[in-house]
Amino acid sequence: MKNFIHFLRHEIRVIAFSPASYVAGVLFLLLMGLIYWTILKSFTLAPQEDTPATQFFRVFWIPAFFVVPLLTMRSIAEERRLGTLQNLLTTPTNPFVVVLAKFVAIYLFYLFLWACTLAFPLLTAEMTSVDQAKIILFDPASLLGGFLFVALSGTLFISLGVFCSSLTRSQLVAGMLTFTGLFLLIAGSRLLLEVPLPESGPLETVSGLFQYLQTFEHLLDFSAGIIDSRPFVYYLSGTLLFFIFSVILVERKA
Amino acid sequence: MVSLVPSIRAVDLSKKFGPNRAVDRISFEVGAGEVVGFLGPNGAGKSTTMRILTGLLAATSGEAWVAGRSVAREPAEIRHLIGFMPENNPLPEDMRVTEYLRFRARIKGLNRSDRKRRIGEVLELCDLKHGTEKKLIGNLSKGYRQRVGIADAILAEPPIVILDEPTIGLDPHQILGFRKMIEELRGRMTLVISSHILPEVEKVCDRSVILNRGQVVAAGTRSELRDIFSPGQTYEIRVDGSLSEVEKLVKSADNSLVLQDSYREPEGSTRRITFSSPSNTNLVPRIIESLTGPDLPTIHEIRIRRASLEDIFLAATKRTWKDSFEVDSGSAQIANKDLG
């Protein structure tokens, strides 16, 4: 683990010099800015049940579908294609450290992008003189809950992206795999609810499991200020699973 | 003090990729401080063997030890002992030379003061100073990239350095520089150099291991290999006179001498005639004596032509191709008989 800091610094540098990071960052902020503006506009037209922050985080899946693949697809696939991955593994470095540094660097950048969206309510509050509006804009439960959800779900999404990148030498294939994986995780789990299952009996637990996998439900809980431990178990165990698979793949297929 | 433990020891090492045997029960040893050439045609199994030795690939069977430590059981420890430059020398394009070396020094565990000292030393040794160290690796020529790869391999002063095809793509000046660099490293570390540029290996290596079709077909110093693959002596004589007369006189000096080759030089009447003898005794004085006297052909030059590593390599690899072909056709005949 003593090399972790060196690797992390290196990976942060790689992200800082990668055009894909800037493309992802600009697209993300443009799109999220547009979404925030649309939400604010809807508030001016009719009274809304939720706060702007709750509505804003409800569309977390839109940026997740393109930002996560753009950030993760290069991580291992490109290093494997160039051969620099095997160069790294001939040094006294554990593959665990290599994957962890990549994961943490991308995760920090992902959080940084989301943190930039804090500028939206700040700018809006600056422009308005209505105190009530300022209170709604900075509703702590929905803001903190939303950010906590983004941070928690981000671990799983990025771990999945790094895993997909460790499967192949092609960045494009890695990006497509990540997109498909995210789609299955976010939208696919919703489709599971359509499966007709009895409310009671031996299949009751399966129905409960499907309910447990609902990412949107987790978001609603978090933005309502309900912090439940079950989503933590789901996202962190999933993250760990993909992380372990990535380490094994890097070790075996250098 | 030279260590008695071999730097590298491989015993019955094999590696299979599906049905293909890339390395087939090879065994060899590399002594501490030796400079050993790993030779073989493309697909001979050189790179696979090197990847096994560095712990990048697991052997299907057999075992390898690096400085007495098992590669399979102590992979983390052997990475401290080996500096490796892989084939094609993959490097990050968007880093500057010193920046890259600093990063590699950090992950190889060099402390701050050693890092600075060693980076300065390897930049000097690999001739990467005078502005090159500040350039982006992606903007460097092939030769300079090779130097960066070698600089990285020797950076942490590992006791064993493995260089896979280090001279590929280098121009004659750069090859000369590479040779000089190896001379400076000689005795400080064990060097294993894989190449199929034979004159280079011949000039820098103490010993060679020749691989073909995944097997070690020969190993030893040049004179040991010469005794096996090109025994006896070859004499080249530049002489004025008829071929039949010279042949008769030379054969009178020693019956074992056999005419190999003869051609007339483009200008003048001088012939260049080659004789070989299975005997290792130096027959030069007797040949000179047989050609000395009035009305005898005039000798201009006589020299013993030693088999080059290229001759040995060709003989060794040809022999194994022939052997394997014979074995294949033999087994085919047996199979045909069984079918019959």
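Labels below follow one simple rule: chain letters A, B, ... track the order of the sequence lines, proteins then strands, and each chain is numbered from 1.
Not one N or O on the side chain of B:S194 forms a donor-acceptor pair closer than 3.5 Å with the backbone of B:D164. In this structure, the side chain of B:N89 engages the main chain of B:R145 through a donor-acceptor pair within 3.5 Å.
Classified by interplanar angle (parallel below 30°, tilted 30° to 60°, perpendicular above 60°), the ring pair A:W114/A:F56 is perpendicular.
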Original post:
Could you go step by step and tell me if A:R81 and A:Q171 meet the side-chain hydrogen bond (donor to acceptor under 3.5 Å, both in side chains) rule?
Top reply: CA-CA 9 Å; A:R81 189 183 67 80; A:Q171 286 193 57; over 6 Å; no
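For B:E93, no part sits under 4.5 Å from any heavy atom of chain A, backbone or side chain. For B:M95, the parts lying near chain A are the backbone and the side chain together; criterion is any non-hydrogen pair under 4.5 Å. Contacts between A:I5 and chain B at a heavy-atom distance below 4.5 Å are absent for every atom of the residue.
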